[in-house]
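Quick notes on the structure that follows.
Quantities reported herein were computed from a predicted structural model and do not represent experimental measurements.
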Amino acid sequence: MTLKIYGISASRAARPLWAALELGVSFEHMAMTYKAGATRTPEFLALNPNGHIPVVVDERPEGSVTVWESMSCALYIARVHGQADGQSITPATPREEAEALRWGFWTVTELEKDALTVLMHRMAMPADQRKPELAEQAENRLKVPLAVLEAHLQAQHAHGQAHVAADRFTVADVCVASVANWIRPAPGLLAQFPAVSGWLHACMEREAQKRVRAMP
């Protein structure tokens with residue numbers, strides 16, 4: 001079997017890359033950028049007609065499996081290539097599976113757009129192109145979903161669980177932290193949510209995450 005992950009680490013491809021590295025899964029990293037029309041070639045569009053990275057292609061004995069969308073890619077890798085043993089990032093119980101699904105989709109619908117605005121207009125864009133007012137508006141909107149995540153993590157702590165879905169780091173944490181990390185250029189905002197801030201710091205200090213950041 002061959003697992004290929006298309007996309008550079010400085011993109012949403014970081015999510016499946018992180019999941020694979022946490023599991024110790026062998027994969028081929030196709031470090032494809034989204035620039036210069038690379039995702040608009042006939043060859044790539046045959047993999048993902050939407051023309052976006054990441055894409056995961058899993059060559060299996062029963063045939064090739066292609067997965068689009070970064071959260072789906074990460075969840076797929078954890079579900080198919082991990083062991084539901086209560087030790088790895090793979091959900092091991094129906095509750096853990098539900099938490100991974102709901103928080104993964106929640107992140108896309110409630111967190112990602114404004115988190116990306118903060119990242120771009122606080123850090124990633126050239127200084128002369130940034131619009132601080134857009135970042136401020138996004139930060140104000142983010143207070144609502146961050147309060148939801150804060151309450152959830154506090155409830156988890158009350159039950160002796162330090163992570164989103166369990167007492168251990170799982171793919172649910174991969175999904176949420178990969179986006180919440182975009183808010184770190186707004187430290188004043190994160191400081192208002194100490195449970196989120198502490199959890200996020202721990203996630204980003206994991207060895208597999210450091211390896212992702214070192215990849216092309």
Take atom [atom1] in [X]; do more than 12 heavy atoms of anything else shown fall under 6.0 Å from it?
X: Q161; atom1: CD; result: yes
X: R95; atom1: CZ; result: yes
X: E69; atom1: CD; result: no

Would [X] end up clustered with [Y] when hydrophobic side chains under 4.5 Å apart are linked, directly or stepwise?
X: L134; Y: M125; answer: no
X: M215; Y: M32; answer: no
X: W68; Y: V179; answer: no
X: V108; Y: V164; answer: yes
X: V65; Y: V55; answer: no

Looking only at heavy atoms, which two atoms of [X] and [Y] are closest? And how far apart?
X: L190; Y: S197; result: O-CB, 3.8 Å
X: I8; Y: I53; result: N-CD1, 4.1 Å
X: I5; Y: P16; result: CD1-O, 3.9 Å
X: A92; Y: G86; result: CB-N, 3.5 Å
X: G51; Y: T39; result: O-OG1, 2.9 Å
X: L47; Y: T66; result: O-CG2, 3.6 Å

- Task: Assess whether side-chain contact (heavy atoms from CB on, under 4.5 Å) is satisfied between R122 and R184, documenting all intermediate values.
- Result: CA-CA 9 Å; R122 290 297 188 202; R184 294 178 88 182; over 6 Å; no
Using side-chain heavy atoms (C-beta onward) and a distance below 4.5 Å, is [X] in contact with [Y]?
X: L189; Y: K143; value: yes
X: R168; Y: E96; value: yes
X: L153; Y: L149; value: yes
X: V148; Y: E110; value: no
X: E207; Y: E22; value: no
X: V67; Y: I77; value: no
X: M204; Y: H201; value: no
X: L111; Y: I183; value: yes

- Query: Between V57 and S64, is a side-chain contact (heavy atoms from CB on, under 4.5 Å) present by the stated rule, with each step listed?
  - Reply: CA-CA 7 Å; V57 178; S64 179; 3.7 Å; yes
- With no hydrogens and no angle check, do the side chains of Y6 and N48 hold a donor and an acceptor under 3.5 Å apart? no
- Between the side chains of D167 and H159, does any donor sit under 3.5 Å from an acceptor? no
- Item | Side-chain ion pair, K4 and E59, N-O less than 4.0 Å | no
Nearest 0.5 Å please: distance from the [atom1] atom of [X] over to the [atom2] atom of [Y].
X: Q137; Y: E139; atom1: CD; atom2: CD; answer: 10.5 Å
X: M71; Y: W106; atom1: CE; atom2: CH2; answer: 10.0 Å
X: L3; Y: S26; atom1: CG; atom2: OG; answer: 9.0 Å
X: L21; Y: K210; atom1: CG; atom2: NZ; answer: 14.0 Å
X: I89; Y: L23; atom1: CD1; atom2: CG; answer: 4.0 Å

For [X] and [Y], indicate whether the former's side chain and the latter's backbone hold a donor-acceptor pair under 3.5 Å.
X: D173; Y: V176; answer: no
X: T41; Y: G37; answer: no
X: S178; Y: V174; answer: yes
X: H121; Y: A135; answer: no

- With S70, which of R15, E112, R12 fulfils side-chain hydrogen bond (donor to acceptor under 3.5 Å, both in side chains)? R15
- Going by the angle between their ring planes, with limits at 30° and 60°, are H152 and W103 parallel, tilted or perpendicular? tilted
- Which residues satisfy the side chain to side chain contact (heavy atoms under 4.5 Å, CB included) test with E97, sequence neighbours excluded? R79, P91, L101
- Message: Apply side-chain contact (heavy atoms from CB on, under 4.5 Å) to residues D58 and V80 and explain how you reach the verdict.
- Response: CA-CA 10 Å; D58 193 6; V80 175; 4.2 Å; yes
- Would you please name every residue forming a salt bridge (charged side-chain N to carboxylate O under 4.0 Å, His left out) with E133, sequence neighbours left out? none
- May I have all residue pairs that pass ring pair (Phe, Tyr, Trp, His ring centres under 6.0 Å) and include part of residues 11-54, sequence neighbours excluded? W18-F169
- Task: Go through the steps for W199 and H163 under the test side-chain contact (heavy atoms from CB on, under 4.5 Å), then give the verdict.
- Result: CA-CA 7 Å; W199 159 82; H163 295 90; 4.3 Å; yes
